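In what follows, a single structure is set out as structure tokens and then discussed.
Here the structure is a predicted model, which means the values were calculated and not measured. A note on names: the letters A, B, ... follow the listed sequences, proteins ahead of strands, and every chain is numbered from 1.
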Protein chains: 2
Amino acid sequence: MRISALAAAAGLPLATVKYYLREGLLHPGTSTSATQATYDESHVRRLRLIRALTGAVGLSVQQARAILALVDDPGDDLYATLGRAVGSLPPTAAEPSADDPDPFPRARAALEALDQVYDPRFAAVAQLESALAAAEAAGMPISEERLLEYGRRLREIAAFDLERMPREPHAAVEYTVLGTALYEPVILALRRLAHQDAAARRELGA
Amino acid sequence: MRISALAAAAGLPLATVKYYLREGLLHPGTSTSATQATYDESHVRRLRLIRALTGAVGLSVQQARAILALVDDPGDDLYATLGRAVGSLPPTAAEPSADDPDPFPRARAALEALDQVYDPRFAAVAQLESALAAAEAAGMPISEERLLEYGRRLREIAAFDLERMPREPHAAVEYTVLGTALYEPVILALRRLAHQDAAARRELGA
DNA sequence: GTGATTGGATAGTGTTACTCTCCAATATTA
DNA sequence: TAATATTGGAGAGTAACACTATCCAATCAC
């Protein structure tokens, strides 16, 4: 398959495929001469994955590259790889000042209340802190009761996810990293729809 | 309070405050002369809300304006207002072609399986469809089992949210719209942390 | 052999979220 | 009161981003 066929197969403009190639999101094809290279199914699949990440998940090209790099070439430590993956997912929280003895007080309290591991190096901790701080600044702080409720339900979801993780290490990383990213929009949409469903039932029932 | 004091109180550059004023996110102060106006606490609070929405929630200025307009001036129909609010939240899904008899097959099937209302006019339906399609395109389709599990947990969360909705209509709209937007980053962070917690426990336990 | 296509590079485009500069009209301060 | 600073308002400038377009000589396909 030449490049124009690849673009057609993925339903993308040729210029865009060249762009992804240039940006290193898509691995090069096999050169057959100075002005020719061939591409295969793996390139088509990769383009679909790139579009899923930059489209529905809403990643920037940079962030998508970081995630893809992790999937392509994971470390042997799932925990650390997952940490790095989460770090390259939005929202990107600001780095804490290095000398702050307690840079994430809200997140630490939350995790203690939930009886979960608190590791300030993990990017999601900073994300949680800034999300809690934002809710607070906006005049809608999250009560401990709400936090416990959310935390409990999400731990149930996470347990479900973990149960279904493939055994084989490379597949496990791919599943975990992509599952974190790809299923998040589904989760948000489902919550919004659950709200709508509840509101509709209330409207009709009252 | 003059504009520079307002900017200082909100911790923002003066130019940025002027920008939000120009863009209509922040209501004007009370003019006291041709080159003077005064601002009060409501302006400080509004700036904090704007930053929460554009920062942690990740809205664009356009999207934040749409959300704020809804909070300022909601219709009397909570269901419809919630629908409009969700429509202005990311991710923005493409409009379906008007003549398609079944524009959201995956979302429809999902909602039927969950025994929830299916209303194709609701923006979250399109969002769910594109999220499911993206997961599928990326080679990680969501099984019905997973959908049921996620849907059930998120309905529990939504029920909790609804229980705590204020009775007074204006407050209810504000709670619903801002709660949808502001708590989403918290939910994502909690899921990521639950994964991390589970992975850490497994690492140590094994 | 001739016109189309290729890989590769460079430059241009439209959008977004600020940020800067300027201005004359006021305020504040000395 | 005179010198200095600040204000509201408008316009232009900027940096990042995700493409998109143009160009080129080398090579294909017919």
Side-chain angles (χ1 to χ4, degrees), chain A residues 1-40 43 46-47 49-68 88-92 94 134, chain B residues 1-40 43 46-47 49-68 88-92 94 134:
Chain A
M1 193 189 311
R2 283 158 297 168
I3 198 172
S4 54
L6 172 62
L12 290 174
L14 178 58
T16 302
V17 175
K18 284 184 170 188
Y19 170 66
Y20 291 149
L21 229 26
R22 234 180 307 146
E23 291 299 315
L25 302 204
L26 180 65
H27 47 295
T30 317
S31 300
T32 60
S33 85
T35 64
Q36 223 75 27
T38 55
Y39 303 86
D40 58 28
H43 294 88
R46 182 60 163 239
L47 283 174
L49 177 53
I50 292 168
R51 293 307 280 199
L53 293 176
T54 59
V57 181
L59 300 190
S60 70
V61 167
Q62 263 192 64
Q63 291 163 338
R65 179 172 37 219
I67 293 288
L68 291 168
S88 40
L89 247 33
T92 320
Chain B
M1 192 190 307
R2 284 157 295 168
I3 199 173
S4 53
L6 173 62
L12 290 174
L14 179 57
T16 303
V17 175
K18 284 183 170 188
Y19 169 66
Y20 291 149
L21 229 25
R22 234 181 306 150
E23 292 298 314
L25 302 203
L26 179 65
H27 47 296
T30 317
S31 299
T32 61
S33 83
T35 63
Q36 223 75 28
T38 56
Y39 302 84
D40 58 29
H43 293 88
R46 181 61 162 239
L47 283 175
L49 178 53
I50 292 169
R51 293 307 280 202
L53 293 175
T54 58
V57 181
L59 300 190
S60 70
V61 166
Q62 262 192 64
Q63 290 163 337
R65 181 170 39 219
I67 293 289
L68 291 169
S88 39
L89 249 32
T92 320

Figure out the NZ/C1' separation between B:K18 and C:dT19, and round it to whole Å. 11 Å

Rounding to an integer number of Å, can you tell me how far A:I3 CD1 sits from C:dG8 P? 8 Å

Supply the atom-to-atom distance B:L21 CG to B:T16 OG1, rounded to the nearest 0.5 angstrom. 12.0 Å

Rounded to whole Å, how long is the line connecting atom CG of B:L14 with atom P of D:dT6? 11 Å

Return the value, rounded to whole Å, for the distance between atom CG of B:L25 and atom C1' of C:dT16. 13 Å

So CG of A:D40 and OG1 of A:T30: to nearest 0.5 Å the spacing works out to 7.0 Å

Would you tabulate the pairs of protein nitrogen or oxygen atoms and nucleotide nitrogen or oxygen atoms of nucleotides 27-30 of chain C closer than 3.5 angstrom?
{"unit_1": "C:dA27", "atom_1": "OP1", "unit_2": "B:S33", "atom_2": "OG", "d": "2.9"}

Output every pair passing salt bridge (Lys or Arg N to Asp or Glu O under 4.0 Å) with a member in residues 20-30 of chain B, not counting sequence neighbours, ordered by first then second residue. B:E23-B:R65

Tell me every residue that passes salt bridge (charged side-chain N to carboxylate O under 4.0 Å, His left out) with A:R46, counting only those two or more places apart in sequence or in another chain. A:D72

Indicate, with a heavy-atom threshold strictly under 4.0 Å, whether A:S31 touches base, sugar-phosphate, or nothing. nothing

Non-neighbouring partners of A:S60 that pass side-chain hydrogen bond (donor to acceptor under 3.5 Å, both in side chains), sequence neighbours left out: A:Q63

Nearest 0.5 Å, what's the CG-CD1 distance between B:L59 and B:I50? 11.5 Å

Pick base, sugar-phosphate or nothing for A:A15, based on heavy-atom distances below 4.0 Å to the nucleic acid. base

Starting at atom CG of A:L26, determine the distance to atom P of C:dG8, rounded to an integer number of angstrom. 12 Å

According to side-chain hydrogen bond (donor to acceptor under 3.5 Å, both in side chains), who are the partners of B:Y20, at least two apart in sequence or on a separate chain? B:R51

Step-by-step side chain to side chain contact (heavy atoms under 4.5 Å, CB included) determination, A:Y19 to A:V61: CA-CA 10 Å; A:Y19 170 66; A:V61 167; 4.0 Å; yes

Between CG of B:L53 and P of C:dA17 the distance, given in whole Å, is 13 Å

What one should report as the nearest heavy-atom pair of A:A52 and B:A134 is CB-O, 3.5 Å

Listing time: all N or O pairs from protein to nucleotides 16-19 of chain D that are below 3.5 Å?
{"unit_1": "D:dC17", "atom_1": "OP1", "unit_2": "A:Q62", "atom_2": "NE2", "d": "3.1"}
{"unit_1": "D:dA18", "atom_1": "OP1", "unit_2": "A:V61", "atom_2": "N", "d": "3.2"}
{"unit_1": "D:dA18", "atom_1": "OP2", "unit_2": "A:V61", "atom_2": "N", "d": "3.4"}
{"unit_1": "D:dC19", "atom_1": "OP2", "unit_2": "A:Y20", "atom_2": "OH", "d": "3.2"}

Rounded to whole Å, please give me the gap between CD in B:Q63 and P in C:dT15. 16 Å

